Engineer: 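This is the structure I want to talk about, given as structure tokens.
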Amino acid sequence: MKIFLDTANLDELRKGAAWGIVDGVTTNPSLIAKEGKPIEEQVRAICDIVDGDISAEVVATEFKQMVEEGRKLTKIHKNIIVKLPLIRDGVQACKALESEGIRTNVTLCFQAGQALLAAKAGAYIISPFVGRIDDMGEDGMELIEQLVQIYSNYNFKTQILAASLRTTNHVIQSALAGAHIGTMPFKTLDALFNHPLTDKGLEQFLKDHAKAFGNK
Ligand code: E4P
């Protein structure tokens, strides 16, 4: 499973990229707004840090404007993926942009039927939001399992990007279900490293080594 960072924060991206395990980045209008810079500037800086698919979302909600905004976003960098909300005009814009060779990420997916529409429109990526479904008292991971099954039934090429992953367990379950990509905030990626037995084991190894050889 590819690992994407779900952030527009450059410090977090630099830290994650330095570990050598970040394959791409997802942003959304809220994440861009948090950094306080115009999308072109922020996304260009992100592309300089991470060499992989970088999703940048349109804020237009009507077909024609969505397509125009999408085309403009791709001018920022060759790695830009145009993110479009899963509304009627968004799916229509997905079809239009994909037919021009522009790759799209159809976002805000909460049901398998919506994901079927995005795949039929030729989306490069579909983004089902696991955490936000859990927030409603339902099981977000079920949606990932359904999409993996449906896309495999019909050999759709659209990649399933498990989004809104809030916990390490979300990441593990997404990988088990067969999601192609998992996108997560920096703190979730950082938490994936942690295990108390790793810390305890390392402490003991170093103690034993120091006892035998000193602190060389
Ligand atoms: C996906 O691309 C979204 O930006 C993101 O995963 C949303 O996560 P949230 O529900 O934690 O805001």
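In listed order, ligands and their atoms are each counted from 1. This one's a predicted model, so the numbers in the text were calculated from it and none came from an experiment.
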Engineer: If I apply the N/O under 3.5 Å rule, does D6 come out as touching ligand 1?
Structural biologist: yes
Engineer: Going by atom types only, do D134 and H170 share a side-chain donor-acceptor pair under 3.5 Å?
Structural biologist: yes
Engineer: Under 4.0 Å, heavy-atom basis, I'd like to know which part of S127 is in contact with ligand 1: side chain, backbone, both or neither.
Structural biologist: neither
Engineer: What residue and atom, counting heavy atoms only, is the protein's closest point to atom 11 (O) of ligand 1, and at what distance?
Structural biologist: R166 NE, 3.2 Å
Engineer: Report yes if some N/O of T107 lies less than 3.5 Å from some N/O of ligand 1; otherwise report no.
Structural biologist: no
Engineer: With heavy-atom distances below 4.0 Å as the criterion, list the atoms of ligand 1 near T26.
Structural biologist: 2 (O)
Engineer: Give the intermediate values and the outcome of side chain to side chain donor-acceptor pair (under 3.5 Å) for residues D51 and N79.
Structural biologist: CA-CA 8 Å; D51 184 21; N79 289 347; 3.2 Å; yes
Engineer: Under 4.0 Å from a heavy atom of R132: give me the atoms of ligand 1 that qualify, with their elements.
Structural biologist: 7 (C), 9 (P), 10 (O), 12 (O)
Engineer: Can an N or O of T27 be found at a distance shorter than 3.5 Å from an N or O of ligand 1?
Structural biologist: no
Engineer: Out of all atoms in ligand 1, which are within 4.0 Å of some heavy atom of A163? Include the element for each.
Structural biologist: 1 (C), 6 (O)
Engineer: Pairs of nitrogen or oxygen atoms closer than 3.5 Å, one from K83 and one from ligand 1: do any exist?
Structural biologist: yes
Engineer: If we ignore hydrogens and angles and just use 3.5 Å, is the side chain of T158 paired with the main-chain N or O of A123 as donor and acceptor?
Structural biologist: yes
Engineer: Counting only heavy atoms not in Y154 (residues, nucleotides, ligands), do more than 12 fall under 6.0 Å from its OH?
Structural biologist: no
Engineer: Are there more than 12 heavy atoms of other residues, nucleotides or ligands under 6.0 Å from atom CD of Q111?
Structural biologist: no
Engineer: Where is the tightest heavy-atom contact between T74 and R71, given as atom of each residue plus distance?
Structural biologist: OG1-O, 2.6 Å
Engineer: Less than 4.5 Å apart, side chain to side chain, heavy atoms only: is that true for D6 and L31?
Structural biologist: yes
Engineer: Under 4.0 Å between a side-chain nitrogen and a carboxylate oxygen: does that hold for R14 and D11?
Structural biologist: yes
Engineer: At less than 4.0 angstrom from any non-hydrogen atom of N28, what atoms of ligand 1 do you find?
Structural biologist: 3 (C), 4 (O)
Engineer: Please state which protein non-hydrogen atom is closest to atom 8 (O) of ligand 1 and give its distance, to 0.1 Å?
Structural biologist: S164 CA, 3.5 Å
